[in-house]
Amino acid sequence: MPLITLPDGSEKHFPEPVSGFDIAASIGSGLAKAALALEVDGVQRDLSTTLSHDARVRILTAKDVEGLDVLRHTLAAQVLARAVKELYPQARLAIGPTIDTGFYYDVDFPEPISPEALPAIEARMQEIVAENLPVTREMWPRDQAIDYFQHKGEHYKAQIIQAAPAEESYVSLYRQGADGADVFMDLCYGPHLPTIGKAGSAFRLTSLAGAYWRGDSNNKMLTRIYGTAWPSEKALKAHLRMLEEAEKRDHRKLGRQLDLFHSQEEAPGMAFWHPKGWTLWQQVEQYMRAVYQHTGFQEVRCPNVLDVKLWKASGHWDNFKENMFFTASENRDYAIKPMNCPGHVQIFKQHLHSYRELPIRLGEFGSCHRNEPSGSLHGLMRVRSFVQDDGHIFCTEDQIHDEVVAFTRTLQQVYADFGFTDILYKLATRPEQRVGADAVWDKAERALQQALDGQGINYQLNPGEGAFYGPKIEFSLRDGIGRVWQCGTMQVDFSMPGQLGAEYVAEDSSRRTPVMLHRAMLGSLERFIGILIEHYAGHFPLWLAPVQCVAMGITDHQADAVQALAGRLRQQDLRVETDLRNAKVSYKIREHSLQKTPVILVLGNREIERDTVTVRRFGSNVQQTLPVTELIERLRAEISSKRLPETPMNAAA
RNA sequence: GCCGAAUUAGCUCAACUGGUAGAGCAACCGCCUUGUAAGCGGUAGGUUGGGGGUUCAAGUCCCUCAUUCGGCACCA
């Protein structure tokens with residue numbers, strides 16, 4: 001007779017086999033109502049599952065990540081799928097999994113459908129939920145299931161079963177409706193909600209998109225219907241608000257509004273940086289230049305155009321020629337550099353190095369071009385022309401560990417300085433298409449792993465995601481509205497130095513090939529600045545703000561004093577603009593507030609008499625009058641702290 | 001690259017089933033000398049993304065190219 005152990009450690013004896021319903025009901029009627037599925041010894045099961053043996057059981061509700069996932073799964077696989085089949089009987093269903101915010105279903109429609117079709121499908125979904133039919137699991141012999149789906153024309157489902165491991169002789173199907181009802185039935189691992197009504201109504205269909213069958217671009221493109229689903233209307237609304245917020249922060253929109261950059265048809269995937277955007281860029285670049293200096297890097301600069309033979313030797317031609325730009329002159333073929341590393345190897349090779357000199361660290365802010373597929377371009381986030389905080393470390397195998405540790409520590413500080421404190425780590429190991437012997441890969445992967453483990457860092461393993469020349473650690477940060485961006489990278493490369501002929505003289509005076517570490521913290525500066533814009537919603541901390549202060553008078557009688565004040569502040573390295581237009585103060589305040597200028601300085605006759613200035617911070621309507629010398633002191637302190645003011649009112653003013 | 005959608009004044013957007021392209025903001029010119037998120041008046045601004053076609057007539061329908069957006073695939 002089963003002994004059920006609950007997550008809090010309590011135990012319940014049952015005289016006979018029990019279902020998940022019974023267990024939930026035995027704990028409380030509220031839970032019985034909220035229960036969506038079970039977790040039995042760590043495996044998700046239907047609530048109807050009968051347990052006859054001892055087990056650790058967790059009742060899943062929409063409050064659990066897993067319970068919500070079951071809800072979303074049922075919405076996709078039972079509700080959306082059924083609605084689509086009822087409205088489009090000729091449509092063929094492929095797969096319908098869950099995602100972070102909801103679910104999608106890939107469907108092969110005989111005729112393309114347009115986004116206008118979504119409201120009707122969604123309305124049908126609501127009706128299906130309201131019908132509240134039960135959902136039950138059935139185990140079918142594999143061949144019988146294949147026949148069933150093939151007979152119905154659902155050949156994608158048949159293919160899915162055929163692709164399953166041969167030893168699985170039964171597959172599970174979920175039937176909607178009472179015993180044997182022929183309302184809707186689909187292949188699914190489950191679990192599902194016990195009844196459709198438990199899905200609730202906090203869901204929306206959000207968009208349509210193309211998606212390749214099985215994610216392979218050689219296959220047919222299906223239509224993907226995206227939906228979002230939440231435990232409550234409130235949570236749904238919160239999610240929709242977050243999307244609105246993300247839209248408001250969109251760096252493309254803010255880039256235009258704040259006059260930071262633009263792009264135009266003639267240069268797809270490349271940014272034109274305007275004065276303010278370039279000022280922001282320079283803050284980032286100069287900061288990273290200082291980081292290079294503090295961490296033993298020497299900055300270099302290599303040509304943008306190099307003979308293709310170099311790219312053939314490095315392996316890039318074989319792997320990436322489709323995505324490179326080329327040019328030719330006097331019967332020689334050149335490539336526009338897609339990365340800096342081969343150039344850095346050329347610099348390394350200009351001298352014969354002793355092992356005593358290693359590690360040699362070279363850094364560059366060189367412009368790289370990659371001919372990214374047109375469909376992948378996205379604002380500053382994915383561009384064809386970019387600059388990385390790119391560095392290469394030439395070292396011995398023994399030095400890898402310490403270099404990785406030092407890099408990780410610096411990266412944490414750098415991210416914190418930019419306002420990011422939540423960092424995620426991934427270790428990506430050997431891909432299928434690669435160069436180098438397995439023994440070398442073993443060594444490289446181990447070195448990275450030990451460096452992470454040694455620092456007590458939790459990381460996720462990403463098998464098969466390494467670069468063709470070596471494994472890598474990927475560093476991601478979480479932004480102000482919870483999105484994760486991969487920025488930093490540390491890659492071990494045992495191949496390229498040898499292929500490009502780099503070597504050093506070891507203790508025993510033999511010639512050896514150095515290891516090369518490819519590393520970047522911000523990645524593409526374009527993209528990182530895009531992330532910064534969205535993270536801060538254009539409201540940059542003082543040290544990054546393109547224009548830190550704007551100074552204005554009440555009337556044009558104060559113009560000279562405003563100019564003089566601006567001059568004084570500029571002497572202190574503050575970025576100051578003046579607004580001497582003949583307009584009301586409130587008009588100018590509004591404009592500079594929309595521009596998110598952090599500090600607005602107003603001079604009237606009162607201030608001029610006492611050498612004071614009235615300060616208004618972005619985000620606050622508090623005015624504070626203080627001596628100019630004190631203002632300078634406070635602003636300089638805020639800049640060196642690199643932080644946003646705790647509350648706008650207490651900052652600098 | 002693939003699927004779908006979009007492209008109208010500097011910006012944000014209108015223009016019913018084909019029938020004279022408009023508004024707000026910005027710009028420019030005046031007036032106002034102004035104390036913390038929009039003072040008042042006036043002026044100018046467009047080959048409706050490019051090219052082709054259908055039609056008496058095209059922003060609107062068709063074809064094509066480009067770019068952008070949402071995804072997919074790719075991402076050294």
Side-chain angles (χ1 to χ4, degrees), chain A residues 104 106 109 112-117 206-226 247 250 252-253 256-257 259 262-269 311 314-324 337-342 368 370-379 381-384 388 390 431 433 435 465-470 472 486 489 491 493 496 518 523-524 527 552-559 581-595 600-607 614-618 620-623 625:
Chain A
Y104 65 78
D106 284 351
F109 286 98
I113 65 165
S114 77
E116 285 83 62
T206 50
S207 60
L208 278 185
Y212 298 108
W213 167 233
R214 294 206 159 132
D216 185 336
S217 57
N218 297 312
N219 288 344
K220 181 166 186 181
M221 180 157 274
L222 312 175
T223 302
R224 177 168 296 179
I225 302 175
Y226 278 97
E247 204 175 319
D250 190 312
R252 293 163 296 196
K253 194 169 166 179
R256 197 167 40 237
Q257 281 169 3
D259 198 17
H262 86 273
S263 65
Q264 62 188 51
E265 264 189 46
E266 289 80 358
W311 304 104
S314 71
H316 290 95
W317 203 82
D318 285 338
N319 285 282
F320 294 106
K321 62 174 178 297
E322 301 303 323
N323 296 312
M324 289 166 69
K337 72 173 174 183
M339 55 189 335
N340 299 306
C341 34
C368 294
R370 295 180 184 176
N371 195 8
E372 304 286 3
S374 56
S376 67
L377 301 179
H378 180 93
M381 301 305 189
R382 187 81 180 268
V383 287
R384 286 186 174 149
Q388 287 170 290
D390 198 10
Q433 198 190 2
V435 297
E465 296 292 315
F468 72 86
Y469 48 70
K472 58 186 177 187
Q486 195 238 305
T489 184
Q491 310 177 2
D493 184 350
M496 198 186 298
H518 306 247
S524 144
R527 179 165 170 276
M552 64 184 72
I554 303 291
T555 70
D556 47 16
H557 299 311
Q558 292 90 29
R581 291 175 302 174
N582 178 15
K584 285 192 148 187
V585 178
S586 54
Y587 178 85
K588 294 199 261 191
I589 295 279
R590 176 181 150 80
E591 277 204 358
H592 296 292
S593 297
L594 290 173
Q595 286 295 306
I600 295 176
L601 304 172
V602 179
L603 282 187
N605 292 334
R606 291 204 295 270
E607 288 84 358
T614 298
V615 184
R616 177 189 169 119
R617 296 300 306 251
F618 175 80
S620 163
N621 56 10
V622 172
Q623 301 170 42
T625 303

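All values derive from a computational prediction rather than experimental measurement. First the proteins, then the strands, lettered A, B, ... as listed; each starts at 1.
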- Item | By side chain to side chain donor-acceptor pair (under 3.5 Å) - contacts of Arg252(A) (at least two apart) | Asp250(A)

- Query: Who pairs with His316(A) by side chain to side chain donor-acceptor pair (under 3.5 Å), at least two apart in sequence or on another chain?
  - Reply: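 Partners of His316(A) under the side chain to side chain donor-acceptor pair (under 3.5 Å) test: Ser314(A).
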
When you compare the protein's N or O atoms with those of nucleotides 63-68 of chain B, which come within less than 3.5 Å of each other, and at what distance?
residue, atom, partner, partner atom, Å
rA66(B), O2', Glu265(A), OE1, 3.3

Could you list the protein-to-nucleotides 8-12 of chain B atom pairs, N/O on both sides, closer than 3.5 Å?
residue, atom, partner, partner atom, Å
rU12(B), OP1, Arg256(A), NH2, 2.9

Report which part of the nucleic acid [X] touches: base, sugar-phosphate, or nothing (heavy-atom distance under 4.0 Å, all strands).
X	answer
His592(A)	nothing
Asn319(A)	nothing
Asn340(A)	nothing
Glu247(A)	nothing

Whole angstrom is fine here: how far is it from [atom1] in [X] over to [atom2] in [N]?
X	N	atom1	atom2	value
Met381(A)	rG71(B)	CE	P	12 Å
Arg581(A)	rA38(B)	CZ	P	14 Å
Gln595(A)	rA26(B)	CD	C1'	12 Å
Glu591(A)	rA26(B)	CD	C1'	9 Å
Tyr104(A)	rG71(B)	OH	C1'	11 Å
Gln558(A)	rU36(B)	CD	P	14 Å

- All stems with RNA chain B, defined as three or more consecutive Watson-Crick or G-U pairs under 3.5 Å: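 Stems for RNA chain B, defined as runs of 3 or more consecutive pairs: B:1-7 with B:66-72, B:10-13 with B:22-25, B:27-31 with B:39-43, B:49-53 with B:61-65.
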
So, using salt bridge (Lys or Arg N to Asp or Glu O under 4.0 Å) as the criterion, who are the partners of [X] when residues are at least two apart?
X	value
Arg384(A)	none
Asp259(A)	none
Asp390(A)	none
Arg382(A)	Glu372(A)

- Message: For the P atoms, the ones on rC25(B) and on rC72(B), what distance do you get once it is rounded to whole angstrom?
- Response: 41 Å

- Set of residues satisfying side chain to side chain contact (heavy atoms under 4.5 Å, CB included) with respect to Gln264(A), sequence neighbours excluded: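 Side chain to side chain contact (heavy atoms under 4.5 Å, CB included) check on Gln264(A) returns His262(A), Glu266(A), Phe272(A).
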
- Message: According to side chain to side chain contact (heavy atoms under 4.5 Å, CB included), who are the partners of His557(A), at least two apart in sequence or on a separate chain?
- Response: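 Partners of His557(A) by the side chain to side chain contact (heavy atoms under 4.5 Å, CB included) criterion, ordered by chain and then number, come out as Thr555(A).
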
- Heavy-atom nearest nucleotide on RNA chain B taken for Tyr587(A) and for Ser207(A); more 5' hit belongs to Tyr587(A)

- Message: Here's a test of your reading of the structure: between Asp250(A) and Leu603(A), which maps to the more 5' nucleotide of RNA chain B?
- Response: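 With Asp250(A) and Leu603(A) compared, the 5'-side residue is Leu603(A).
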
Check: protein-nucleotides 72-76 of chain B nitrogen or oxygen pairs below 3.5 Å:
residue, atom, partner, partner atom, Å
rC72(B), O4', Gly210(A), O, 3.0
rC72(B), O2', Tyr212(A), N, 3.0
rC72(B), N4, Gly375(A), O, 3.3
rA73(B), O2', Ser217(A), OG, 3.3
rC74(B), O2, Arg382(A), NH2, 2.7
rC74(B), N3, Arg382(A), NH1, 3.0
rC75(B), O2, Arg382(A), NH1, 3.2
rC75(B), O2, Arg382(A), NH2, 3.4
rA76(B), O3', Tyr469(A), OH, 3.4
rA76(B), O2', Tyr469(A), OH, 3.3

- Distance only, no hydrogens: is a donor on one side chain within 3.5 Å (strictly under) of an acceptor on the other, for Thr614(A) and Glu607(A)?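 Their side chains do contain a donor-acceptor pair, which is all the 3.5 Å distance test asks for.
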
